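In each ligand, atom 1 is the first atom listed, and ligand 1 is the first ligand listed. The structure presented is a predicted model; accordingly, all values stated were derived computationally and were not measured.
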Amino acid sequence: MGELTIAKSAGFCFGVTRAVNMVYEAIEEENAPIYTYGPIIHNDEVVKDMKKKGVTVIDDLDELAAHKKGVMIIRSHGISKAEFDKIEKFGFKILNATCPFVSKIHRYVEEYSNKDYDIIIIGSPKHPEVCGIRGWASDKSRVTIINSIEDAQKFSDNSGKKLCIVSQTTFNYNKFQDIVEIIDEKGYDITVLNTICNATEVRQTEAKKVAHGADVMIVIGDRNSSNTQKLFEICKNECKNTYYIQTSDEMDYSKIGSNNNVGITAGASTPNNIIEEVSKNVRNEL
Ligand code: F3S
(Lines give C-alpha, C1' and ligand atoms only; values in the text may rest on other atoms or scores of the structure.)
Protein backbone atom coordinates (compact mmCIF):
# COMPACT_ATOMS: atom_id res chain seq x y z
CA MET A 1 0.00 0.00 0.00
CA GLY A 2 1.23 3.49 -0.85
CA GLU A 3 1.59 6.26 1.67
CA LEU A 4 0.49 9.86 1.88
CA THR A 5 2.79 12.52 3.34
CA ILE A 6 1.36 15.97 3.91
CA ALA A 7 4.02 18.63 4.51
CA LYS A 8 3.54 20.10 8.00
CA SER A 9 4.37 23.54 6.65
CA ALA A 10 1.77 23.32 3.84
CA GLY A 11 -0.57 26.29 3.59
CA PHE A 12 -0.93 29.27 5.91
CA CYS A 13 2.07 30.38 7.95
CA PHE A 14 1.69 31.03 11.67
CA GLY A 15 0.92 34.74 11.24
CA VAL A 16 -1.74 34.27 8.56
CA THR A 17 -3.41 31.39 10.44
CA ARG A 18 -3.62 33.62 13.49
CA ALA A 19 -5.11 36.53 11.50
CA VAL A 20 -7.71 34.36 9.71
CA ASN A 21 -8.71 32.72 13.01
CA MET A 22 -9.11 36.14 14.63
CA VAL A 23 -11.59 37.13 11.93
CA TYR A 24 -13.67 33.97 12.35
CA GLU A 25 -13.60 34.33 16.15
CA ALA A 26 -14.71 37.93 15.83
CA ILE A 27 -17.62 36.84 13.61
CA GLU A 28 -18.73 34.50 16.42
CA GLU A 29 -18.05 36.74 19.39
CA GLU A 30 -18.41 40.39 18.45
CA ASN A 31 -21.76 42.05 18.50
CA ALA A 32 -20.87 44.85 16.11
CA PRO A 33 -20.03 45.28 12.40
CA ILE A 34 -16.69 43.73 11.53
CA TYR A 35 -14.19 45.27 9.14
CA THR A 36 -10.74 44.29 7.93
CA TYR A 37 -8.25 46.93 6.81
CA GLY A 38 -7.42 45.50 3.39
CA PRO A 39 -8.21 41.88 2.50
CA ILE A 40 -7.02 39.65 5.34
CA ILE A 41 -5.31 37.25 2.93
CA HIS A 42 -4.61 36.94 -0.82
CA ASN A 43 -7.21 34.26 -1.33
CA ASP A 44 -10.51 35.13 -2.96
CA GLU A 45 -12.39 32.12 -1.57
CA VAL A 46 -11.56 33.02 2.01
CA VAL A 47 -12.29 36.72 1.53
CA LYS A 48 -15.65 35.89 -0.16
CA ASP A 49 -16.58 33.54 2.67
CA MET A 50 -15.86 36.27 5.22
CA LYS A 51 -17.92 38.73 3.21
CA LYS A 52 -20.86 36.29 3.24
CA LYS A 53 -20.54 36.20 7.02
CA GLY A 54 -20.78 39.99 7.17
CA VAL A 55 -17.18 41.17 7.11
CA THR A 56 -16.49 44.38 5.14
CA VAL A 57 -13.08 45.14 3.64
CA ILE A 58 -12.00 48.77 4.03
CA ASP A 59 -9.27 49.91 1.64
CA ASP A 60 -9.02 53.53 2.68
CA LEU A 61 -9.40 54.76 6.26
CA ASP A 62 -11.20 57.90 5.07
CA GLU A 63 -14.09 55.59 4.18
CA LEU A 64 -14.59 54.95 7.90
CA ALA A 65 -16.61 58.12 8.40
CA ALA A 66 -19.33 56.62 6.21
CA HIS A 67 -19.49 53.34 8.13
CA LYS A 68 -21.20 52.29 11.33
CA LYS A 69 -18.73 51.99 14.20
CA GLY A 70 -17.52 48.49 14.83
CA VAL A 71 -14.48 46.27 15.09
CA MET A 72 -11.51 46.82 12.78
CA ILE A 73 -9.17 43.88 12.30
CA ILE A 74 -5.59 44.67 11.30
CA ARG A 75 -4.09 42.05 8.99
CA SER A 76 -0.80 40.22 9.52
CA HIS A 77 1.20 42.77 7.44
CA GLY A 78 0.59 45.39 10.12
CA ILE A 79 0.03 49.15 9.78
CA SER A 80 1.69 52.42 10.78
CA LYS A 81 1.24 54.10 14.14
CA ALA A 82 -0.66 56.97 12.48
CA GLU A 83 -3.16 54.50 11.01
CA PHE A 84 -3.75 52.90 14.42
CA ASP A 85 -4.41 56.35 15.86
CA LYS A 86 -6.76 57.26 13.03
CA ILE A 87 -8.87 54.11 13.44
CA GLU A 88 -9.15 54.79 17.17
CA LYS A 89 -10.09 58.41 16.54
CA PHE A 90 -13.00 57.25 14.41
CA GLY A 91 -14.17 55.31 17.47
CA PHE A 92 -13.57 51.80 16.16
CA LYS A 93 -12.37 48.95 18.35
CA ILE A 94 -9.13 47.47 17.05
CA LEU A 95 -8.33 43.76 16.92
CA ASN A 96 -4.67 43.62 16.08
CA ALA A 97 -3.78 40.57 13.97
CA THR A 98 -0.37 41.99 12.99
CA CYS A 99 2.02 39.04 12.93
CA PRO A 100 4.12 39.20 16.10
CA PHE A 101 7.26 39.00 13.91
CA VAL A 102 6.14 42.19 12.14
CA SER A 103 5.21 43.91 15.41
CA LYS A 104 8.75 43.22 16.59
CA ILE A 105 10.08 45.23 13.60
CA HIS A 106 7.71 48.09 14.50
CA ARG A 107 9.15 48.12 18.02
CA TYR A 108 12.75 48.11 16.73
CA VAL A 109 12.10 51.01 14.37
CA GLU A 110 10.33 53.02 17.07
CA GLU A 111 13.08 52.33 19.61
CA TYR A 112 16.03 53.15 17.34
CA SER A 113 14.29 56.14 15.88
CA ASN A 114 13.78 57.45 19.44
CA LYS A 115 17.51 56.91 20.00
CA ASP A 116 18.06 59.25 17.02
CA TYR A 117 19.18 56.65 14.48
CA ASP A 118 18.27 56.96 10.82
CA ILE A 119 16.41 53.90 9.54
CA ILE A 120 16.96 51.66 6.54
CA ILE A 121 14.27 49.16 5.61
CA ILE A 122 15.37 46.50 3.14
CA GLY A 123 12.27 45.54 1.20
CA SER A 124 9.84 46.47 -1.51
CA PRO A 125 8.78 50.15 -1.18
CA LYS A 126 5.16 49.58 -2.18
CA HIS A 127 4.56 46.50 -0.04
CA PRO A 128 2.00 47.20 2.72
CA GLU A 129 4.25 45.61 5.33
CA VAL A 130 7.07 48.03 4.45
CA CYS A 131 4.70 51.03 4.43
CA GLY A 132 3.53 49.97 7.90
CA ILE A 133 7.10 49.57 9.21
CA ARG A 134 8.07 52.97 7.86
CA GLY A 135 5.28 54.52 9.88
CA TRP A 136 6.86 53.63 13.22
CA ALA A 137 9.85 55.94 12.79
CA SER A 138 9.58 59.38 14.37
CA ASP A 139 9.80 62.51 12.21
CA LYS A 140 13.40 63.06 13.34
CA SER A 141 14.65 59.94 11.57
CA ARG A 142 15.24 59.73 7.89
CA VAL A 143 13.84 56.46 6.52
CA THR A 144 15.28 54.91 3.36
CA ILE A 145 13.82 51.84 1.65
CA ILE A 146 16.37 49.74 -0.19
CA ASN A 147 15.12 47.06 -2.54
CA SER A 148 18.13 46.30 -4.74
CA ILE A 149 21.91 46.21 -4.97
CA GLU A 150 21.73 49.43 -7.08
CA ASP A 151 19.71 51.19 -4.36
CA ALA A 152 22.36 50.16 -1.84
CA GLN A 153 25.19 51.42 -4.04
CA LYS A 154 23.47 54.77 -4.46
CA PHE A 155 22.66 55.15 -0.75
CA SER A 156 24.28 57.96 1.21
CA ASP A 157 23.46 59.66 4.52
CA ASN A 158 25.33 62.82 5.42
CA SER A 159 23.64 63.41 8.76
CA GLY A 160 26.41 61.72 10.75
CA LYS A 161 23.75 59.67 12.53
CA LYS A 162 23.99 55.98 13.29
CA LEU A 163 21.91 53.69 11.09
CA CYS A 164 19.50 50.94 12.07
CA ILE A 165 18.83 48.37 9.33
CA VAL A 166 15.78 46.09 9.37
CA SER A 167 14.20 43.92 6.70
CA GLN A 168 10.77 43.09 5.31
CA THR A 169 9.95 39.62 6.70
CA THR A 170 9.78 37.91 3.30
CA PHE A 171 12.99 39.38 1.85
CA ASN A 172 15.58 36.99 0.37
CA TYR A 173 18.30 36.34 2.94
CA ASN A 174 21.29 36.30 0.55
CA LYS A 175 20.22 39.55 -1.07
CA PHE A 176 19.73 41.08 2.38
CA GLN A 177 23.29 40.14 3.32
CA ASP A 178 24.71 41.57 0.08
CA ILE A 179 22.89 44.86 0.62
CA VAL A 180 24.06 45.11 4.23
CA GLU A 181 27.64 44.47 3.13
CA ILE A 182 27.52 47.30 0.58
CA ILE A 183 26.20 49.76 3.17
CA ASP A 184 28.72 48.57 5.75
CA GLU A 185 31.60 49.16 3.33
CA LYS A 186 30.58 52.82 3.08
CA GLY A 187 31.81 53.20 6.68
CA TYR A 188 28.54 54.02 8.50
CA ASP A 189 27.98 53.02 12.11
CA ILE A 190 25.25 50.41 11.57
CA THR A 191 23.08 48.20 13.75
CA VAL A 192 21.73 45.32 11.67
CA LEU A 193 18.60 43.53 12.82
CA ASN A 194 17.83 40.54 10.65
CA THR A 195 14.04 40.46 10.77
CA ILE A 196 13.51 37.97 7.95
CA CYS A 197 10.91 35.31 8.81
CA ASN A 198 11.89 31.78 7.87
CA ALA A 199 8.35 30.46 7.20
CA THR A 200 8.87 30.53 3.42
CA GLU A 201 12.24 28.85 3.59
CA VAL A 202 10.93 26.13 5.93
CA ARG A 203 8.01 25.46 3.55
CA GLN A 204 10.34 25.18 0.54
CA THR A 205 12.87 22.92 2.29
CA GLU A 206 10.14 20.57 3.49
CA ALA A 207 8.46 20.51 0.04
CA LYS A 208 11.74 19.43 -1.50
CA LYS A 209 12.14 16.63 1.02
CA VAL A 210 8.57 15.35 0.63
CA ALA A 211 8.75 15.53 -3.20
CA HIS A 212 12.07 13.68 -3.17
CA GLY A 213 10.44 10.61 -1.65
CA ALA A 214 7.20 10.81 -3.66
CA ASP A 215 5.99 9.00 -6.80
CA VAL A 216 3.28 11.61 -7.17
CA MET A 217 3.51 15.11 -5.70
CA ILE A 218 0.60 17.53 -5.47
CA VAL A 219 1.15 21.27 -5.00
CA ILE A 220 -2.00 23.21 -4.12
CA GLY A 221 -2.32 26.96 -4.54
CA ASP A 222 -3.58 29.84 -6.57
CA ARG A 223 -2.26 29.96 -10.15
CA ASN A 224 -1.11 33.55 -9.55
CA SER A 225 0.61 32.92 -6.27
CA SER A 226 4.34 33.37 -6.75
CA ASN A 227 5.25 31.35 -3.68
CA THR A 228 3.16 28.40 -4.96
CA GLN A 229 4.82 28.62 -8.39
CA LYS A 230 8.18 28.44 -6.65
CA LEU A 231 7.05 25.39 -4.63
CA PHE A 232 5.93 23.71 -7.85
CA GLU A 233 9.34 24.30 -9.49
CA ILE A 234 11.17 22.88 -6.46
CA CYS A 235 8.92 19.81 -6.33
CA LYS A 236 9.02 19.21 -10.10
CA ASN A 237 12.81 19.03 -9.88
CA GLU A 238 12.52 16.23 -7.34
CA CYS A 239 9.50 14.37 -8.69
CA LYS A 240 8.54 14.44 -12.36
CA ASN A 241 4.91 13.55 -11.56
CA THR A 242 4.21 16.83 -9.82
CA TYR A 243 0.76 18.38 -10.27
CA TYR A 244 -0.13 22.03 -9.66
CA ILE A 245 -3.81 22.41 -8.72
CA GLN A 246 -5.96 25.22 -7.37
CA THR A 247 -8.87 23.10 -6.16
CA SER A 248 -9.47 19.42 -5.54
CA ASP A 249 -11.59 19.15 -8.76
CA GLU A 250 -8.54 19.97 -10.86
CA MET A 251 -6.69 16.83 -9.78
CA ASP A 252 -6.99 13.69 -11.89
CA TYR A 253 -6.89 11.16 -9.05
CA SER A 254 -6.72 8.24 -11.51
CA LYS A 255 -3.02 9.17 -11.94
CA ILE A 256 -2.41 7.77 -8.46
CA GLY A 257 -1.60 4.08 -8.23
CA SER A 258 -2.48 2.16 -5.05
CA ASN A 259 1.24 1.52 -4.40
CA ASN A 260 2.33 5.10 -4.93
CA ASN A 261 3.87 7.31 -2.31
CA VAL A 262 2.06 10.61 -2.59
CA GLY A 263 3.17 13.94 -1.19
CA ILE A 264 1.15 17.10 -0.71
CA THR A 265 2.22 20.67 -0.04
CA ALA A 266 0.48 24.02 -0.48
CA GLY A 267 1.26 27.71 -0.93
CA ALA A 268 1.05 30.27 1.84
CA SER A 269 -2.51 31.36 1.08
CA THR A 270 -4.11 27.93 0.59
CA PRO A 271 -6.79 27.23 3.21
CA ASN A 272 -6.71 24.01 5.18
CA ASN A 273 -10.07 22.71 3.95
CA ILE A 274 -8.72 22.40 0.38
CA ILE A 275 -5.64 20.53 1.63
CA GLU A 276 -7.93 18.20 3.64
CA GLU A 277 -10.24 17.55 0.68
CA VAL A 278 -7.33 16.65 -1.60
CA SER A 279 -5.83 14.42 1.12
CA LYS A 280 -9.13 12.57 1.55
CA ASN A 281 -9.39 11.90 -2.19
CA VAL A 282 -5.78 10.73 -2.35
CA ARG A 283 -6.36 8.32 0.56
CA ASN A 284 -9.28 6.80 -1.37
CA GLU A 285 -6.82 5.79 -4.10
CA LEU A 286 -4.24 4.18 -1.81
FE1 F3S B 1 3.85 34.63 8.11
FE2 F3S B 1 4.43 36.27 10.05
FE3 F3S B 1 6.32 35.07 8.76
S4 F3S B 1 2.80 36.50 8.55
S5 F3S B 1 5.55 34.78 6.68
S6 F3S B 1 4.81 34.08 10.05
S7 F3S B 1 6.29 37.17 9.39
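- Among Cys99, Ala19, Gly15, Cys13, the residue whose heavy atom lies nearest to atom 2 (Fe) of ligand 1 is Cys99.
- Cys197 SG, 2.3 Å is the protein heavy atom nearest to atom 3 (Fe) of ligand 1.
- Using a distance-only test at 3.5 Å, with no hydrogens or angles considered, a donor-acceptor pair links the side chain of Thr17 to the main chain of Cys13.
- Every atom of ligand 1 with a heavy atom of Thr169 under 4.0 Å away is listed here by number and element: 7 (S).
- Look at Arg18 and Glu25 and you find no salt bridge, because none of the NZ, NE, NH1 or NH2 atoms lies under 4.0 Å from a carboxylate O.
- For Phe176 and Phe171, the ring centers sit 6.0 Å or farther from each other.
- Donor-acceptor pairing under 3.5 Å is recorded for the side chains of Glu129 and Thr169.
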